[in-house]
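For reference, the structure discussed in these notes is given below.
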4 protein chains.
Amino acid sequence: MSMDQETLTSKAEARTQAQRVRILAAARACFVKSGFHAASMATIAETAGMSPGLIYRYFENKNAIILAIIERQLEVARDRIGQMHASENLASGIARSFGERERCAENSMSGALFLEMSAEATRDPQIAAALRRFGATVHSEVASWLSRDRKDGGYGLPDDVAKARALIFVCLIEGLKVREAREPTLDKALLEKALSEAVAALVSPPK
Amino acid sequence: MSMDQETLTSKAEARTQAQRVRILAAARACFVKSGFHAASMATIAETAGMSPGLIYRYFENKNAIILAIIERQLEVARDRIGQMHASENLASGIARSFGERERCAENSMSGALFLEMSAEATRDPQIAAALRRFGATVHSEVASWLSRDRKDGGYGLPDDVAKARALIFVCLIEGLKVREAREPTLDKALLEKALSEAVAALVSPPK
Amino acid sequence: MSMDQETLTSKAEARTQAQRVRILAAARACFVKSGFHAASMATIAETAGMSPGLIYRYFENKNAIILAIIERQLEVARDRIGQMHASENLASGIARSFGERERCAENSMSGALFLEMSAEATRDPQIAAALRRFGATVHSEVASWLSRDRKDGGYGLPDDVAKARALIFVCLIEGLKVREAREPTLDKALLEKALSEAVAALVSPPK
Amino acid sequence: MSMDQETLTSKAEARTQAQRVRILAAARACFVKSGFHAASMATIAETAGMSPGLIYRYFENKNAIILAIIERQLEVARDRIGQMHASENLASGIARSFGERERCAENSMSGALFLEMSAEATRDPQIAAALRRFGATVHSEVASWLSRDRKDGGYGLPDDVAKARALIFVCLIEGLKVREAREPTLDKALLEKALSEAVAALVSPPK
DNA sequence: CATGAATGAGGATTCATTCAT
DNA sequence: GATGAATGAATCCTCATTCAT
């Protein structure tokens, strides 16, 4: 009744993957609450419902966890920005997502986490590289979306204009993230008004 | 050859002030390099060329140093933003200040420090309050500048538009700060081009 | 060969208890030798044969250790005083216990520790409260013993006289404790003679 | 107009003495409030209205101050006990002095200080010796007072009885001191009642 | 696999003592 | 004499990491 080797292996791998996910979820929660440094391995372990020692079977050390979280958060963020293109009303979409309470799962990029990551990037070259990769991807994606033909859902801007506006767009979004972390109570109506005008300007044809 | 009491007192005060400045400069350097938490008092003391114990004669504890640095950085930032209004060409001014090398002195707002501060603000209410105060001041300053009459060096925008645009402006600047910390090598020409268009849009009369 | 859950739990609890005892014994020894403040956690850890960090798994901080020791010493003292009632010859019992060498174990109330505790009580309200509780218990116990009927092993004194004499009795005992700490070489014969007369007077019917 | 050498010297000595007194008074106050260890030299200096450095011109180190204070306190206590003999009503005199608030000056032996001293004596042989000397003096003084002829203000007890009762007396007083430190709110009426009976018994002719 | 007890290197902070002025 | 800035060792405590079970 024993399973063949391959099945066993894949079962084991699945479990390994599940454990890693469990740890990362716990770590994310702790990091959001206390920051990378203040969150202790003991707390993360407790949050994950396992022993501190076990974590080291799945991650070499705390830094590896931080890195893995960052990697995953960047994927999530990338996806989210991808979805924006499709959304009917970009400005209100962004505005609405502002200050969304962490829904516990990892499908939302926490402003606090984003700050923590960025701050850490100024010291850790690996993190810096990851963020740079992320930034480049997002920027070119937004740029391509602005330059794409109108009939393909784009805005038909010349390439150079698209690139410049994409930069503004990306900085604006990141600035909002920072603000969100700091001032989650910001007036949403004002924000939406401001954003809709800004977005309109960003996608309008150049003079 | 003895000095009168007043002279002595002011000498002592001058020394005290000088020491505080020395400590803050060292702390700033350490914080930029390692972050608020990873920078140890021992390292700060060494950087300042003094013993760890001496620091506590001038600051109650590490947190007080962090707070003092933040307060000072926000002043600097406030001043800088104030100067922007006066500058001939806003966009290129901002672009030029981007990525300026930390001149070690405290007259430039380090992007890294800004991130560190913002991240810390999500945990420390005192820091959060300081940042909020700062944010409010800057926002209203920018708004008043946008709404002021053209003949007074403003842009004559209606109050509500000015408020909304000021928000965008401030977020954009902060987003740039974040980017600066992460990617100081960003293409300056592109940045200037992007900013000049964005700034032009922000100060243009509403439709 | 694996143990069931219950066995495991009780084993763990037993170990925890054993470690606490080990720490308390070491701490007691250190406190007797150097006092609460001068005894360092490092020394206690070394005495207990463990690392400093480990102590904090079993006690929240140094103060908790001090408190635990005090609590335990007071229990011991309470028991001892309880036993006195039963003893054939009270005076010689007290005299004999005077200056007993610390048997390292916790079954003897060290005079030094008693002093340390009392001195600390003038500053730490928690310790003061514990000592006050202790004092009240002992006082009322002695009083009830003096007032109880002769046929129940008491001395049949009126309540108010019993209360007053109990106070004297308790102060006398405590005074002896102090003397013991300071002058363990006191002439035992003299002490016994003095005590037997004093005890006789304390239990004699009032005029 | 200059004073001769001798006058100068004695003037200097007087000043030295005055400074020492000032320091000791300050130290006493600090020790009563915080204990020997917790009272810092800085606080003592501040209380004495001088700089920390200056203290070291008059005392070799903190320990020397402690020792000097103890020496002085013991003198005071010796005097006080001497005065007791003369007092009309011994019991009420003791009772009344119980819990007297430190009158700031050094003419009252603080219970807290007494405890601190006794605790310290278990470690520091010099302090132990001082206390032992003190104890012996007081004991023999009390004994001689009990054995002295009635017409000389004594109680005419035989020498050996006087010695034994003096021991009880001294322990009782010390026990009261301890209690005072711990429980300054003790019922005075009860105390006086208890003491008057006890004192009466101690001075009564032996059976 | 899993546990969690154990380690020990730091970290912030205090304070007796010294010494240049 | 007097100051008080400066030192640096020592203290309590935390936490990433290891390893026997």
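Throughout, protein chains are lettered first and strands after them, A, B, ... in sequence-line order, and every chain is numbered starting at 1.
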CA sep, side-chain torsions, deciding dist, call: D:R28, D:Q73, side chain to side chain donor-acceptor pair (under 3.5 Å): CA-CA 9 Å; D:R28 206 190 93 99; D:Q73 287 295 305; 3.2 Å; yes
May I ask you to say what [X] touches in the nucleic acid, namely base, sugar-phosphate or nothing, with a heavy-atom cut-off under 4.0 Å?
X	answer
D:A39	sugar-phosphate
A:S40	sugar-phosphate
D:E46	nothing

If I take atom [atom1] in residue [X] and atom [atom2] in nucleotide [N], what distance separates them, rounded to the nearest angstrom?
X	N	atom1	atom2	value
D:H37	F:dC12	NE2	P	12 Å
D:N63	E:dT17	CG	C1'	14 Å
A:F59	F:dT17	CZ	P	13 Å
C:K62	E:dT13	NZ	P	19 Å
C:I55	E:dA6	CD1	C1'	12 Å
C:I44	F:dT11	CD1	P	11 Å
D:Y56	E:dA16	OH	P	6 Å

Phosphate contact ([N] OP1 or OP2) by [X] side-chain N/O below 4.0 Å:
X	N	answer
B:S51	F:dT7	yes
C:R15	E:dA6	yes
D:Q19	F:dG1	no
A:Y58	E:dC1	yes

Exam field: side chain A:S34 to backbone A:F31, donor-acceptor pair closer than 3.5 Å: no
Point-to-point distance, once rounded to the nearest 0.5 Å, from CG of C:L115 to CZ of D:F114: 7.5 Å
DNA chain F: 5'-proximal contact among A:E60 and D:G49 (nearest heavy atom): D:G49
Along DNA chain F (nearest heavy atom to each residue), the more 5'-positioned of A:P52 and C:A42: C:A42
Validation row: D:Y58, D:I65 side chains within 4.5 angstrom (heavy atoms): no
Dot-bracket encoding of pairs in DNA chain F, which uses [ ] for pseudoknotted crossings and | for another strand, Watson-Crick or G-U under 3.5 angstrom: .||||||||||||||||||||
Donor on one side chain, acceptor on other, D:Q17 and D:R20, under 3.5 Å: no
Heavy-atom pair with the smallest gap, counting every atom of D:E120 and D:I127: CG-CD1, 3.5 Å
Closest non-hydrogen atom pair, C:H37 against C:R123: CE1-NH1, 4.2 Å
Options F:dT3, E:dA6, E:dT13, nucleotide nearest the side-chain atoms of D:L54: F:dT3
